Amino acid sequence: MTEKVAKLTLGDQTFDFPVLQGSVGPDVIDIRSLYAKTGLFTYDPGFTSTAACDSSITYIDGDKGELLYRGYPIDQLAEKSSYTEVCYLLLYGELPTKAQLAEFDDLVTRHTMVHEQMHYFFRGFRRDAHPMAVMTGVVGAMAAFYHDSTDITDPQQREIASIRMIAKMPTIAAMAYKYSVGQPFVYPRNDLDYASNFLHMCFSVPAEQYEVSPEIARAMDLIFTLHADHEQNASTSTVRLSGSSDANPFACIAAGVACLWGPAHGGANEAALNMLRQIGTVERIPEFIARAKDKNDPFRLMGFGHRVYKNYDPRAKVMQETAKKVLDILGVENNPTLQVAKELERIALEDEYFVDRKLYPNVDFYSGIILNAIGFPTSMFTVLFAVARTVGWIAQWKEMIADPQKKIGRPRQLYNGSPAREYQSIDAR
Ligand code: SDX
């Protein structure tokens, strides 16, 4: 098959660049030789048209509203799979057999406890610290407690660090929550599945075990699956860039946690519920729609819009259905926040401002309603996102480290500063 070529004409010169084809999705123009050939850089702040890597883990078709984990559609995995099975799929590329899944579940279960000294690490934080501030600190500190799995050149250590991250994030997240509410830490239990164990560690107290409802555990597991990976989003790109310098995996995941915290990214689930509460009633929706459209008002509809999805985020659809189920199970009839969310979505999707810009609800629009109903404070919403996304970060990090073409990420710039000039003594200024 003849190689496709992109031609760039500069003045009287024409330069050829190969066009590379993936399995599905847009082809890419390989511009690695651009600067050497032309002395020019490309310019793409925000990476709106830039493929920073090649990957075989997750594929998103923003126009169709399609999300595939290793080729499997998210709606099928949401209905038929489980979070730890999705972890196996993302990490190793194929759905596990029964025996493989049982072995993986056992391996993860046996790594859920954290080093006892970490309990003292927590004590240094103020009780009112935001749980994401605690997560950023504690996850980075894991390199100090698990130094025997930080050599990224050793595949065995990479594997152990990966399992440790996936297994210990729920424990650390639950500890961050317990610390914030002044309750003692609750140890993991090996007889519980991943989601049930997390709910147990969050909501049990020494005086009374938390009876995990199978339906609520299923909803928690589903929320983890929906958030597991999402191609080269901001936090995953942060993990990849950190990993490109051969930093240890704990430091890379801590960088991902820090990036995810931003309200434009993973912090949107906390911001979305706070926004829905601020709106309060259906009658006040038009006031906020007007603010979202007003260029002079920094207010945005949190949980709306997406860099890639220019159609409905397939995760938001599943999340909306789950919200209704969880609220029915919990007997939270006519939850005012859910009513406001549904009416806000209906109005926005009829408004030309949102329609013209293809702004739809994203994964963060409904998730907070579910998490709040289960009993989590809004400050924990992004922490749960980080727990779920850890497997995606780790899978992408492993893929990059194993890539023989790996290079340190080092973008250039369009410089607008001062040309070279001579230093002036202070008396001469
Ligand atoms: C996540 O990348 C991922 O995959 C992320 C994620 C994942 O799983 O990892 O999917 C998780 O981060 C979901 C997104 C959560 N963030 C929010 O819900 C915050 C609110 N949304 C926006 O801030 C915004 O939509 C972004 C950040 C999500 C996307 O921003 P883009 O792609 O850079 O788009 P943009 O800011 O250039 O907006 C395009 C236009 C602008 O108007 P014009 O200048 O063309 O007139 O749409 C407007 C924006 O003002 N716009 C919004 C809006 N989002 C975009 N206007 C009102 N409310 C909004 N939410």
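In each ligand, atom 1 is the first atom listed, and ligand 1 is the first ligand listed. Here the structure is a predicted model, which means the values were calculated and not measured.
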- Query: Around ligand 1, what residues show up once you keep those with a heavy atom under 4.0 Å from it?
  - Reply: His230, Asn233, Pro263, Ala264, His265, Ala268, Ala292, Lys295, Arg300, Leu301, Met302, Gly303, Phe304, Gly305, His306, Arg307, Arg315, Tyr353, Arg357, Leu359, Asn362, Asp364, Phe385, Arg389

- Message: Parallel, tilted or perpendicular: which one describes the rings of Tyr177 and Phe203, with boundaries at 30° and 60°?
- Response: perpendicular

- Query: Once the angle between the rings of His119 and Phe185 is folded into 0 to 90°, is it parallel (under 30°), tilted (30 to 60°) or perpendicular (over 60°)?
  - Reply: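 Answer is perpendicular, since the angle exceeds 60°.
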
- Message: Do Glu399 and Ser56 pair up side chain to side chain, a donor and an acceptor below 3.5 Å, judged on atom types alone?
- Response: yes

- Message: Hydrogens and angles aside, do Glu231 and Gln396 bring a side-chain donor and acceptor to less than 3.5 Å of each other?
- Response: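 No - no donor-acceptor pair under 3.5 Å links their side chains.
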
- Message: Is there a side-chain contact between Lys325 and Asp328 in this structure, where contact means two heavy atoms from C-beta onward sitting under 4.5 Å apart?
- Response: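 Lys325 does not reach Asp328 side chain to side chain.
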
- Item | Qualifying residues under side-chain contact (heavy atoms from CB on, under 4.5 Å), relative to Ala395, sequence neighbours excluded | Ile57, Leu90, Leu91

